[in-house]
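Data first, discussion second: the structure below is written as structure tokens.
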Amino acid sequence: MTDEDTKRRIYQVVSMIPPGRVATYGQVAELAGLSRAARLVGTTMSRLPKDTQLPWHRVINSQGRLSLPPDSPGYARQKDRLQREGVEFIGERLSLRQFRWQP
DNA sequence: TTCGTGACGTGCA
DNA sequence: GTGCACGCCACGA
């Protein structure tokens with residue numbers, strides 16, 4: 001597969017995550033057929049165009065935390081969007097057991 | 001072409 | 001809970 005296909009697969013998986021649910025980078029990687037390339041998913045998210053319609057905010061790390069610098073504008077945006085969808089934060093964390101997307 | 005750099009994950013101290 | 005080493009993979013210098 002080409003790199004472009006890889007990106008498209010990642011986009012497609014992310015677009016399937018329903019509102020109020022979250023998926024981990026590793027989970028997205030696995031569903032996209034890149035089981036051990038969680039890092040690649042993160043890198044791809046960081047390169048998304050600012051006007052993308054992808055629900056990138058529903059992708060977090062395996063510890064139930066956001067993987068952006070806590071003082072960055074993106075961090076606040078992601079947390080706010082998730083809370084508006086009903087995701088409950090406990091401090092800077094959320095319960096993966098409760099909100100993790102299970103296809 | 002090789003090397004360093006990440007929105008990561010897992011295992012272990 | 002925290003930190004570290006490795007493994008993964010695309011990308012730019």
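Reminder, nothing fancy here: chain letters follow the sequence lines and each chain counts from 1. This is a predicted model, so every value here is computed, not measured.
- Of the two residues contacting DNA chain C, namely Thr43(A) and Arg39(A), the nearest-nucleotide position lying further toward the 5' end is that of Arg39(A).
- Panel note: side chain Ser46(A), backbone Thr43(A); a donor-acceptor pair is recorded below 3.5 Å.
- With a 4.5 Å cut-off on side-chain heavy atoms, Ile60(A) and Gln78(A) count as touching.
- Nearest to the side chain of Leu40(A), among dC9(C), dG9(B), dA7(B), sits dC9(C).
- If you take CD of Gln63(A) and P of dT2(C), they are 9 Å apart, rounded to a whole angstrom.
- As a whole-Å value, the separation of Tyr25(A) OH from dG7(C) P is 23 Å.
- Computed from coordinates, the Asp71(A) CG to dA7(B) P distance equals 13 Å when rounded to whole Å.
- The base of dG7(C) lies outside donor-acceptor range of the side chain of Arg36(A), with no N or O pair under 3.5 Å.
- Residue Ala38(A) places its side chain closer to dC8(B) than to any other of dA10(C), dC8(B), dG1(C).
- When distances run from any side-chain atom of Asn61(A) to the nucleotides dC9(C), dC8(B), dA7(B), the shortest one goes to dC8(B).
- Ser72(A) comes within contact range of no nucleotide atom at all, as no heavy-atom separation falls under 4.0 Å.
- Atom-to-atom, OH of Tyr11(A) to C1' of dA7(B) comes out at 13 Å; the value is rounded to the nearest Å.
- Closest heavy-atom contact between Leu96(A) and Asn61(A): CD1-O, 4.3 Å.
- One interatomic measurement links the two molecules: CD of Gln27(A) to P of dT10(B), which rounds to 11 Å at whole-angstrom precision.
- Look at CD on Glu4(A): it is 18 Å from P on dC9(C), rounded to the nearest Å.
- At least one side-chain heavy atom of Leu82(A) sits less than 4.5 Å from a side-chain heavy atom of Arg58(A).
- Rounding to whole angstrom units, CE of residue Met45(A) and P of dT5(B) are separated by 23 Å.
- Taking a cutoff of 4.0 Å between a charged side-chain nitrogen and a carboxylate oxygen, Arg21(A) and Glu85(A) do not qualify as a salt bridge.
- dC8(B) atom C1' lies 14 Å from atom CD of Glu30(A), rounded to whole Å.
- Among the heavy atoms of the strands lying under 4.0 Å from Ser62(A) are primed sugar atoms or P, OP1, OP2 only; no base atom is included.
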